[in-house]
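Both counts, for ligands and for their atoms, begin at 1 and track the order of listing.
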Amino acid sequence: MKIGFIGLGIMGKPMSKNLLKAGYSLVVLDRNQEAVAEVVAAGAVAAQSASEVAGQVDVIITMLPNSPHVKEVVLGEGGVIEGAKAGTVVIDMSSIAPLASREIAAALAEKQILMLDAPVSGGEPKAIDGTLSVMVGGDKAIFDRYYDLLKSMAGSVVHTGDIGAGNVTKLANQVIVALNIAAMSEALVLATKAGVDPELVFQAIRGGLAGSTVLEAKAPMVLDRNFKPGFRIDLHIKDLANALDTSHGVGAQLPLTAAVMEMMQALKQDDLGTADHSALACYYEKLAKVEVKRH
Ligand SMILES: NC(=O)c1ccc[n+]([C@@H]2O[C@H](COP(=O)([O-])OP(=O)(O)OC[C@H]3O[C@@H](n4cnc5c(N)ncnc54)[C@H](O)[C@@H]3O)[C@@H](O)[C@H]2O)c1
Ligand SMILES: O=C(O)[C@H](O)CO
């Protein structure tokens, strides 16, 4: 099967390489020509525009930063909608606003182009290993048809409802991840300030009830002072903004999410927007005038 893949960033590059390894033929596009060259060297063919990608394939995967990027690439001038024939399927794996997914799907439906929203969790390490968690919204029959394709990049692929449900699920994921990193940061700063080695605290608690995937992935980054993304604070601000917007629309209250959003915005003001979201620890460190690190 020939697949289009648009967006070869931190996540899209390893995901596209896993599709090549699984035997799919790929037509790829990104603004970053270095990323394109790397995936072409692994066996893909490059295209010059999204409409050119769409003209050569039956399925197009997008892995772009946010709603405006997906709208531009799919519906804009030279976009997917201009090159795709009726029956083509767009699988948007970016994390975008659920409302935007529904709007893009409705515009595509006017040309009989189908869509799934299929955002992912697991970060760069799981994108490389092909063990991402994929959460999918859209027609169940289309989900079933493309389950194997998605599974070749993932450890789990779960259909959570109609179009937009994938991104609602991803917002729930992002709330949990943000609050977990905040809790971890708060705890490690407390221990450090109280004179206990944070590395020993991590070793002591990781097997207990406080242990988590977030603690395993992010505590070592804080202890090593390694804030290379990973997942940028800027992108997490985007997700929390989408979560807060969605919560207002549906009448849910997210007081902890709102608090962590303010912390992330303060870090962006301190020029940490491009740092990994584990740099949330720096917010607490600044308040407590202490640094969490291995002794
Ligand atoms: N990084 C993570 O750990 C992670 C994990 C899960 C989900 N996500 C989500 O996945 C999506 C992608 O994240 P990422 O970290 O790979 O971002 P990234 O910024 O590394 O990659 C985005 C890519 O899209 C390309 N791009 C942007 N606009 C384009 C356009 N108009 N035409 C062609 N290419 C264009 C960029 O050049 C870049 O290579 C985001 O929605 C993010 O929230 C990221
Ligand atoms: O779940 C994840 O992979 C991170 O929170 C980035 O989206």
S.K.: With a 3.5 Å cut-off and no angle check, do the side chains of E199 and Q203 form a donor-acceptor pair?
M.R.: yes
S.K.: Taking salt bridge (charged side-chain N to carboxylate O under 4.0 Å, His left out) as the test, write out the residues that go with K111, two or more places apart.
M.R.: none
S.K.: Looking only at distances, can you tell me whether any N or O atom of G123, backbone or side chain, sits closer than 3.5 Å to an N or O atom of ligand 2?
M.R.: yes
S.K.: What is the closest protein heavy atom to atom 7 (O) of ligand 2, and at what distance does it sit?
M.R.: K170 NZ, 2.7 Å
S.K.: Using the test salt bridge (charged side-chain N to carboxylate O under 4.0 Å, His left out), find all partners of E262 that sit at least two apart in sequence or belong to another chain.
M.R.: none
S.K.: Which pair of non-hydrogen atoms, one from S278 and one from I181, has the smallest distance, and what is that distance?
M.R.: CA-CG2, 4.1 Å
S.K.: Side chain, backbone, both or neither: which applies to N173 and ligand 2 if a contact is any heavy-atom pair less than 4.0 Å apart?
M.R.: side chain
S.K.: Relative to the heavy atoms of V177, which atoms of ligand 2 are at a distance of less than 4.0 Å?
M.R.: 5 (O)
S.K.: Quick one, list the residues around ligand 1 where some non-hydrogen atom comes in under 4.0 Å, by chain and residue number.
M.R.: G7, L8, G9, I10, M11, D30, R31, M63, L64, P65, H69, E72, V73, S94, S95, V120, G123, E124, K170, G230, F231, R232, L235, K238
S.K.: Any salt bridge linking K85 with D58? Criterion: basic side-chain nitrogen under 4.0 Å from a carboxylate oxygen.
M.R.: yes
S.K.: Can you figure out which of A178, S121, G230, P229 has its heavy atom closest to atom 2 (C) of ligand 2?
M.R.: S121
S.K.: Less than 4.0 Å between a side-chain N and a carboxylate O, is that true for D117 and K170?
M.R.: no
S.K.: Could you tell me whether some N/O pair between Q174 and ligand 2 is separated by less than 3.5 angstrom?
M.R.: yes
S.K.: Side chain or backbone of K126 under 4.0 Å from ligand 2, or both, or neither, by non-hydrogen atoms?
M.R.: neither
S.K.: Would you check if there is a donor-acceptor pair between the side chains of S95 and D239 at a distance under 3.5 Å?
M.R.: no
S.K.: Mind checking salt bridge (charged side-chain N to carboxylate O under 4.0 Å, His left out) for K2 and listing every partner two or more places apart, or none if nothing turns up?
M.R.: none
S.K.: Under 30°, 30 to 60°, or over 60°: which ring-plane class applies to H159 and F143, parallel, tilted or perpendicular?
M.R.: tilted
S.K.: In the protein, which heavy atom is nearest to atom 3 (O) of ligand 2, and how far is it?
M.R.: G122 N, 2.8 Å
S.K.: Look at D234 together with K238 and state whether they make a salt bridge at an N to O cut-off of under 4.0 Å.
M.R.: no
